[in-house]
Each structure stands twice: as structure tokens, then as C-alpha cells.
Amino acid sequence: MTPRPATFRKAADAAIKGVSAIAAGLGIFFLCWILLEVGRRGIAAINWDFFTALPAPPGVAGGGMGNAILGTLMITGLATLIGVPFGILAGVYLAELGRGSRLARVIRFTTNVLMGIPSIIMGLFVYSLLVLPTGHFSGTAGAVALAFIILPVVARTADDMLGLVPNALRESALALGAPRWKATLGVVVRTARTGMTTGVLLAVARVSGETAPLLFTALNIPYWPGSMNEPTANLTVTIFNYAMSPYPEWQTAAWGASLLIMAAVLLATIIARAATRDRIK
Amino acid sequence: MSRLRQTIGDSVFKHVTRGAAVGVLLLLVAILVELTASAWPAISHFKLGFLLSGNWNPVTSEYGALSSVFGTLVSTVIAILIAVPLSLVIALFLVELVPRAVSRPIGYAIELLAAVPSIVYGMWGLFVFAPFMADHVQPLLKDTLGFLPLFDGPPMGIGMLTAGIVLALMILPFITAVMRDVFTMVPPVVKEACYGMGSTTWEVTRKVTVRYGFSGVVGAVFLGLGRAVGETMAVTFVIGNNHDISSSLFAAGNSIASTLANEFAEASEPLYLSALVELGLVLLLMTVVIQVISEVWVTRVARTSGRQR
């Protein structure tokens, strides 16, 4: 090391410490700024009708987002039903039955690549896969796009969580004469249950706030969702459409929907995190 | 008899789980094949010119990806330039400077930035942050650094710079999380040896921690890169959606993802649709390349340091 005056080095150190404190403060500041602005502007739109009524035409006061709330729940629910079991089975293969095999390594690599694919590409893919051949947008297509986003996340979480289960547990179950499937599902998966539930909850919370994959799959309509084979109303695309509209009432409604979706996702995230922290510590 | 049932049960179980796992592999293959097939009309029509032309005009059926690719790269570079150093010092603050009781809630709050949905960043970016940029930040930059072509033009609020900053905010929690791991992974003995020689905290960080965890830092950059490149909604709200390439960061532009979000639902011409899918394919290949490089990097590093899975 070249010798430098101690005062200079200490000053540089103090400066960096100051900068780092400011940087951390900046992060908190932006979080609070976003939460407060969305809260303040969103709360103005929230009333009973917001949850139960259909959207009002532009220029007409009142109206709500009941259809979009229901539609988002339906799409997210169907996506969870498709993506989660599929993902858990794949994760079980990676961590248990295929452990150490070349196939498992290739697939683990694939899940990582899939997790990095932008959500809008999933929308594009499902458009090409389901919307174009059937000739119409549908809630099901939206759910499939979300399921494809959930799938690698759940598979990877299940893989990681099952990997943490000590080998002694597997061996004791097998030594008692349990078949492989029973030892895996009844003992290993059961042990890793909390961690996997958290992973699933986080993945579902994240996709429930996704917009891009729904833009060209579920689309959006101002009516109650009928069948999942039709375009289905949903909160996030409604926010996009309303925010880009010139009508102040619609923009206010978009803030209300933003608050609702943000609160739901943050709450689910906090609950999921809190649940695992208690377990681990 | 029960022996036979066991073998059948196990065999079914093995095949079902393996089927699901192979399904993951097939999904990636299907995405590549399907998008290439849908983009084929545009690929065969424009050939390489698609990537080299900045002309995007649905009326005359001319499509070039250059402005969208340019916008994606510029906004991503801005985001990385802001988020990586910021994450490094935040991690330094959380791990080395404050006690656990303080760093836990602050670290938690920063992680929560990752849970805010993209569309909410978009709403906040368009209606709150962009006006703030136009009123305060951009005039300031123009007055001080206005001689650079980067900060030329009217301060509109929306544009490349604002998109880059919002992106930086969105990838910050992910990069910070990896940086924190890097800081905690360095063995205390190594750091203490450096302190013992009379180094300051910053010197230890710069010369020991960052070097020791260099692979982790690179991994963090790739993670941020992958996220920023494909981010859609927040960027669509604030980037301004303009197909011109400008040297000014104040100017409105577009990214691949924002072009798709804005134009896909309206595209009725088959060639238009196909050109948009080809744009998506370009984005997909960019993210896959980033992912593969970072994966290979991480496994290579894990192997040399004996932490192979």
C-alpha cells in the first residue's frame, strides 16, 4: 500500500460512511414516498361501490371496480391451480428423485433461465399459443400466462426447501419400509411445508400484481366476468387503461385500484416473510 | 402383492414428477419455437435489416428494431449505473456500520421495494415522479451540465432519464440483497487481518470485501441487468413512447417492452404483428443470454471455491 496521510484516509472513510447512510435513507424515502402518494390518492377513490359496482362511463360519477376485482381473483386463482402443483412436482423431482442426475442439472438450469424471462414475453408466448389459434382473448389465456410465471419460481423454491431437509429423515422413513413416494410426500415434503408455502405465497402475490402478461391475453372488459373463455376484467390492465385515459374520474379510480393491489401484495409478502422468520429463528 | 404395489406406486410417482420437470424444459423450448414461428414472416421479410433500421412506421409497413433496442439498452445502463453503487453502499451500511437491531428494519423496508407491483411504480412514476423531475431535477441538470448533449432539450419529466431512475429503484432491492450476502460471506478473519494493519472500514470494503466477493458482485449486476431489460409497465408509463433515437436523456424514447405493451393490442396487420413478435424475440434472446452468462459464471465460481451443489 502506498502511504497516504491518515487524515485523508479517515476523511474518505467518514465520507463513504455518510454517503452510505444517505443511500439507505434514500431507499426508505422512496418507499415512503410511493406508499404515501398511492395511499393518499387511492383512498379518495375507495368506497363501498368501488368493491361492488361496475365501472361508470367517462364523465359519469360513481361506479366501481367490482368486476375487475373479481376477475383478478379468478385469473390468479386459476393460475395458482395450474402453476403450483406442476411446480411442486417438478421441484420434488429436482431435489429428490432426480437428485444429482444430469437431467436434474439441466432442468435446474432451465428453471433459472425461465425465471429471468420478462413477463411480457410470457404474454406474447401465450398469445401465440392460445389466443391466435382460438381467435379470441380469454381469462384462461391470462391465467395460463401467469401460471407459466409461477411455475419456475415454485419449482426452484420447492427444490431449495427440500434440499434443506436432512438426509437422516429420508433414510429413517425408508428404513421403516415406506415406499419412496410415501417417504417423499409424507415425510420430506411435510418437513419442508412451511418454506414451500411461503415460496408459493410470495410467487402468487407477485403475479397477482402483474400487468404485462395480461395485456394481450385476458385483455380487459367493463363487464362482470362471465366465462373464463372470454376477455376478463382485471385490476392491473384496468389501471393501465384508466391511467392513460384523459378522464380525471378514471385516473382517480386507477389510483384506488393501485392502492388496493399494492396493499394486497405487500400484505401477502409481509405475512409470508413473518411466517418463515418465526420458524427459522 | 404389497411389494408389487409399492413398485408400481414408486414407478408412477417417479414418472409423474419427472414428467413435470421435463415439462419445465419443454416450456422453454416451446417459447423459443413458438415465438420464432410467429416472427418468421417478419424475419424472412426484413432479414438483418430489422436490427439495423431505426425506422418504425406501421403506415408504410416498415419496421426496424433499432430505436426500441437502443431505448432498452440506454434505460438499463442508467438503471445499473445508479443502482449498483447505491446497493453497494447500502449493503455496506447495513452489514458493517449499524447494529443488527437497526439494520434489520431498514433492510426489510428496502426489500419491500421489490414487492411493490410494477404498475404501481408506473402510476407513481407518471403522476408523481415525472412532474417532480420536470420541475426540480431536470432544470438543475440543465443549468449545471446543460453543455453536454445528454442533458439537452426541454425538461418534460417523462423520458429516458426518468425511466432509468424508476428502473434503478425497482432493481435496487434485488442487487442490495446479493451485495449483503457478499458482505456477510467474507470470513471475518480476512477482514480483521486488514483492520489489524490499520485500514479504515472503507479500505477493508474496497480492498478485501469487494475483491473477495467479486463474483457475487458481478452476479448482482447480472441479476439487475436481467430484471431491468425486460421490465415493462413502469417503463411504458414514463419513457414517453417515441420511436426516435435522441442523444438527450430528457427526450422521450421507447424500449422493446414498452413498444410491445403499447402497440401489440392494436396491431391488426399480420406483418405488424409479426414484427412486434420479432421484437419480443430479440428481448427474449437478450435475457436468455444474460441469464446463461450469469448462471455459467455462478456455477464456475462455485466450483472453484468448492461450493458446488
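All values below come from the heavy atoms of this structure, side chains included, with hydrogens, waters and symmetry mates left out. First the proteins, then the strands, lettered A, B, ... as listed; each starts at 1.
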Kindly write out the residues that satisfy side chain to side chain contact (heavy atoms under 4.5 Å, CB included) with Ala267(B), not counting sequence neighbours, or none if the list is empty.
-> Tyr272(B), Leu273(B), Leu276(B)
Counting heavy-atom pairs under 4.5 Å to chain A, which of [options] comes out on top?
options: Glu96(B), Glu34(B), Glu231(B), Arg206(B); answer: Glu34(B)
options: Val292(B), Leu92(B), Leu169(B); answer: Leu169(B)
options: Thr287(B), Leu28(B), Leu113(B), Ile31(B); answer: Ile31(B)
options: Leu260(B), Val288(B), Leu86(B), Val116(B); answer: Leu260(B)
options: Leu283(B), Leu281(B), Leu172(B), Ile110(B); answer: Leu283(B)

Proximity of residues 31-39 of chain A to chain B, residues having a non-hydrogen atom under 4.5 angstrom | Leu31(A), Trp33(A), Ile34(A), Glu37(A), Val38(A)
Would you say [X] and [Y] make side-chain contact, with heavy atoms under 4.5 Å?
X: Leu89(A); Y: Arg18(B); value: no
X: Ser20(A); Y: Leu97(B); value: yes
X: Leu214(A); Y: Asn220(A); value: no
X: Phe183(B); Y: Leu88(B); value: yes

Go through the atoms of [X] and report whether side chain, backbone, both or neither lie under 4.5 Å from a heavy atom of chain A.
X: Thr201(B); value: both
X: Val22(B); value: both
X: Met123(B); value: both
X: Ile106(B); value: both
X: Leu35(B); value: side chain
X: Thr200(B); value: both
X: Phe222(B); value: neither
X: Ala30(B); value: both
X: Asn241(B); value: neither

Ion pair present between [X] and [Y], side-chain N to carboxylate O less than 4.0 angstrom?
X: Arg180(B); Y: Glu111(B); answer: yes
X: Lys14(B); Y: Asp10(B); answer: no
X: Asp13(A); Y: Lys17(A); answer: yes

Indicate yes or no for a side-chain donor-acceptor contact from [X] to the backbone of [Y] under 3.5 Å, with no hydrogens or angles considered.
X: Thr72(A); Y: Leu235(A); value: yes
X: Asn254(B); Y: Thr72(B); value: no
X: Ser103(B); Y: Val98(B); value: no
X: Ser274(B); Y: Ser38(B); value: yes
X: Arg104(B); Y: Arg100(B); value: no

Select, from [options], the one with the greatest count of heavy-atom pairs under 4.5 Å involving chain B.
options: Leu219(A), Val265(A), Ile28(A), Asn112(A); answer: Asn112(A)
options: Ala212(A), Gly98(A), Ser128(A); answer: Ser128(A)
options: Gly209(A), Ala268(A), Ala243(A), Ala104(A); answer: Ala243(A)
options: Thr269(A), Leu185(A), Leu266(A), Val113(A); answer: Val113(A)
options: Arg41(A), Met122(A), Lys10(A), Glu210(A); answer: Arg41(A)

Check each atom of [X] against the heavy atoms of chain B and say whether the ones under 4.5 Å are side chain, backbone, both or neither.
X: Arg180(A); answer: both
X: Ile270(A); answer: both
X: Met115(A); answer: neither
X: Ser208(A); answer: neither
X: Leu124(A); answer: both
X: Phe137(A); answer: neither

Would you kindly check if the NZ (Lys) or CZ (Arg) of Arg227(B) is within the cone defined by 45 degrees around the ring axis of Phe174(B) and under 6.0 Å from the six-membered ring centre?
-> yes
Around Trp202(B), counting heavy atoms of other residues, nucleotides and ligands shown, do more than 12 lie under 6.0 Å from its CH2?
->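 More than 12 heavy atoms, drawn from other residues, nucleotides or ligands, come within 6.0 Å of this atom.
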With sequence neighbours left out, what residues match Phe237(B) under ring pair (Phe, Tyr, Trp, His ring centres under 6.0 Å)?
->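 Phe237(B) satisfies ring pair (Phe, Tyr, Trp, His ring centres under 6.0 Å) with Phe240(A) only.
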Ring pair (Phe, Tyr, Trp, His ring centres under 6.0 Å) contacts touching residues 101-126 of chain A (sequence neighbours left out) |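 The answer is Phe125(A)-Phe148(A).
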Ring centroid separation for Trp250(A) and Tyr242(A), is it under 6.0 angstrom?
-> yes
